[in-house]
Amino acid sequence: MKEYPIERWHEKILNGMNIVLVNYFLSTKNFEGWLFSHKLFEEPLPGVSSTVYFFKRNTNDNDEAIRIDVIENNSIQDAERTFLFLLTDVMAPMEFPEAKNENVGEICYKGFSDIDSLLMFLRGNIVIRIRSIGQKEIAVLTEAKIIDKDLINQPGEKDHRQMQLKFDLTSPAQEVLKQLASNTEDALGKKVYFKIIAPDHSIELTRTGIINTGVSLPGNIILYAINEDGAAARVSLK
């Protein structure tokens with residue numbers, strides 16, 4: 001049985017950003033030099049959704065290609081369990097080495113190749129596995145960093161545009177969060193996902209609500225709604 005330092009993962013995560021994403025999707029336009037091929041949906045664990053994106057360098061051959069698994073979990077703790085499953089449910093000869101110097105995710109592991117052709121990392125409630133699947137083995141570090149930056153990015157004022165959602169953002173925080181998972185489009189039919197960011201880990205964020213740990217809710221929990229065109233709406237939950 002492979003043993004990974006889950007306690008150290010959790011300690012490191014609790015020192016990082018308290019962020020949960022809902023209905024997250026990759027913008028296929030973010031990867032310069034890559035052509036989006038197709039995607040499929042999987043369920044690696046019961047109740048855990050995974051979207052798999054495939055990209056090719058050229059449409060006419062399979063020389064260079066990458067696969068990106070985006071696994072969204074209900075909470076940060078659920079993501080840790082999924083990440084452990086991802087690392088152990090493979091026929092690897094030994095434990096995957098930690099990618100300590102890559103600055104990707106809160107926790108990141110890599111494959112056994114001399115180049116970074118396989119990277120697996122954890123950020124908030126999202127688990128990412130990105131790997132080279134073409135006939136030519138290539139590094140995927142650049143693409144992994146693009147994804148990680150997108151996960152933690154807080155949209156600036158230039159990204160804020162008029163966006164109408166299908167529910168009332170002025171409701172109490174618990175009521176707002178309960179509605180996120182069932183709202184995959186804005187009022188204009190554009191795909192939308194949500195980022196919930198809390199100032200610390202005194203509360204546990206989930207995709208459907210806040211688990212209070214005995215302290216009053218902080219007044220600056222921020223919710224971002226981001227649509228497929230890059231437009232963003234920002235609201236402070238109450």
Side-chain angles (χ1 to χ4, degrees), residues 1-26 30-31 37-55 65-134 137-152 181 193 195 204-207:
M1 176 66 181
K2 305 179 186 70
E3 295 184 3
Y4 290 92
I6 304 173
E7 296 80 5
R8 185 170 60 78
W9 295 355
H10 194 60
E11 181 180 350
K12 188 172 181 180
I13 288 166
L14 293 183
N15 289 327
M17 180 185 291
N18 191 0
I19 179 172
V20 161
L21 293 98
V22 182
N23 301 333
Y24 178 69
F25 56 84
L26 289 182
N30 283 352
F31 304 98
S37 172
H38 63 286
K39 65 182 177 182
L40 56 86
F41 302 96
E42 294 183 343
E43 190 177 83
L45 290 169
V48 177
S49 63
S50 175
T51 306
V52 186
Y53 299 80
F54 296 87
F55 294 84
I66 56 175
R67 167 179 170 151
I68 305 171
D69 296 60
V70 178
I71 307 171
E72 183 175 310
N73 302 267
N74 188 54
S75 68
I76 292 173
Q77 288 192 339
D78 288 344
E80 293 177 71
R81 289 189 282 270
T82 297
F83 194 48
L84 179 62
F85 173 81
L86 190 72
L87 294 171
T88 56
D89 190 46
V90 291
M91 296 298 291
M94 61 191 76
E95 292 177 12
F96 288 105
E98 190 170 349
K100 296 181 178 180
N101 301 317
E102 307 299 13
N103 295 320
V104 176
E106 289 152 323
I107 305 296
C108 182
Y109 287 83
K110 60 183 181 179
F112 301 103
S113 172
D114 291 336
I115 64 173
D116 292 326
S117 57
L118 166 63
L119 290 171
M120 298 164 285
F121 66 90
L122 180 62
R123 179 68 77 178
N125 66 317
I126 303 293
V127 174
I128 298 289
R129 176 171 59 189
I130 176 170
R131 48 184 160 160
S132 168
I133 59 170
E137 185 181 35
I138 58 171
V140 295
L141 178 59
T142 297
E143 291 74 22
K145 287 185 174 181
I146 290 172
I147 298 168
D148 194 36
K149 182 179 179 181
D150 189 49
L151 290 173
I152 62 176
Y193 71 88
K195 290 183 182 181
E204 182 179 349
L205 297 173
T206 76
R207 297 175 76 253

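Under the 4.5 Å side-chain criterion, counting only non-hydrogen atoms from C-beta, Asn73 is not in contact with Leu45. For the pair Val48/Asp78, no side-chain contact is recorded, criterion being any heavy-atom separation below 4.5 Å from C-beta on. Under the 4.5 Å side-chain criterion, counting only non-hydrogen atoms from C-beta, Arg129 is in contact with Leu118.
Across all their heavy atoms, Ile147 and Phe121 have their closest contact at CG2-CZ, 4.2 Å. The nearest pair of heavy atoms linking Glu106 to Met17 is OE2-O, 3.7 Å. Looking at every heavy atom in both residues, Leu119 comes nearest to Ala99 through CD2-CB, 4.3 Å. Between Ser132 and Glu137 the shortest heavy-atom distance is OG-CA, 3.7 Å. Residues Met120 and Phe83 come closest through the heavy atom pair O-CZ, 3.5 Å. In this structure, Leu122 and Ala79 approach most closely via the heavy-atom pair CD1-CB, 3.5 Å.
Annotation: the span from Ile146 atom CD1 to Phe31 atom CZ amounts to 6.0 Å, rounded to 0.5 Å. Rounding to the nearest 0.5 Å gives a distance of 14.0 Å between NZ of Lys195 and CG of Leu205. Rounding to the nearest 0.5 Å places CZ of Arg8 at 10.5 Å from CD1 of Ile13. Between the OH atom of Tyr24 and the CD atom of Glu72 there is a distance of 10.0 Å, given to the nearest 0.5 Å. To the nearest 0.5 Å, atoms CD (Glu143) and OH (Tyr53) are separated by 15.5 Å. Considering NZ of Lys149 and CG of Asn103, their distance stands at 13.5 Å, rounded to 0.5 Å.
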>> Checking Val20 against Arg207 for the side-chain contact (heavy atoms from CB on, under 4.5 Å) test, could you report, in this order, the C-alpha distance in whole Å, the side-chain angles of both residues, the deciding distance, and whether it holds?
In response: CA-CA 7 Å; Val20 161; Arg207 297 175 76 253; 4.2 Å; yes
>> side-chain contact (heavy atoms from CB on, under 4.5 Å) for Ile68 and Phe55? Distances and angles first, verdict last.
In response: CA-CA 8 Å; Ile68 305 171; Phe55 294 84; 3.8 Å; yes
> What do the steps show when you test Leu21 against Asn125 for side-chain contact (heavy atoms from CB on, under 4.5 Å), and what is the final call?
Replying inline: CA-CA 7 Å; Leu21 293 98; Asn125 66 317; 4.0 Å; yes
> Could you go step by step and tell me if Val70 and Ile128 meet the side-chain contact (heavy atoms from CB on, under 4.5 Å) rule?
Replying inline: CA-CA 5 Å; Val70 178; Ile128 298 289; 3.7 Å; yes
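Within a 6.0 Å radius of CD in Glu43, other residues, nucleotides and ligands contribute more than 12 heavy atoms. Remark: Asp114 CG is loosely packed, at most 12 non-hydrogen atoms of other residues, nucleotides or ligands lying under 6.0 Å away.
Looking at Arg67 and Glu42, a side-chain N of the basic residue comes within less than 4.0 Å of a carboxylate O on the acidic one, giving a salt bridge. Under 4.0 Å is where a charged nitrogen must lie from a carboxylate oxygen, and between Asp148 and Lys145 no such pair does.
A distance below 6.0 Å separates the ring centres of Tyr4 and Tyr109.
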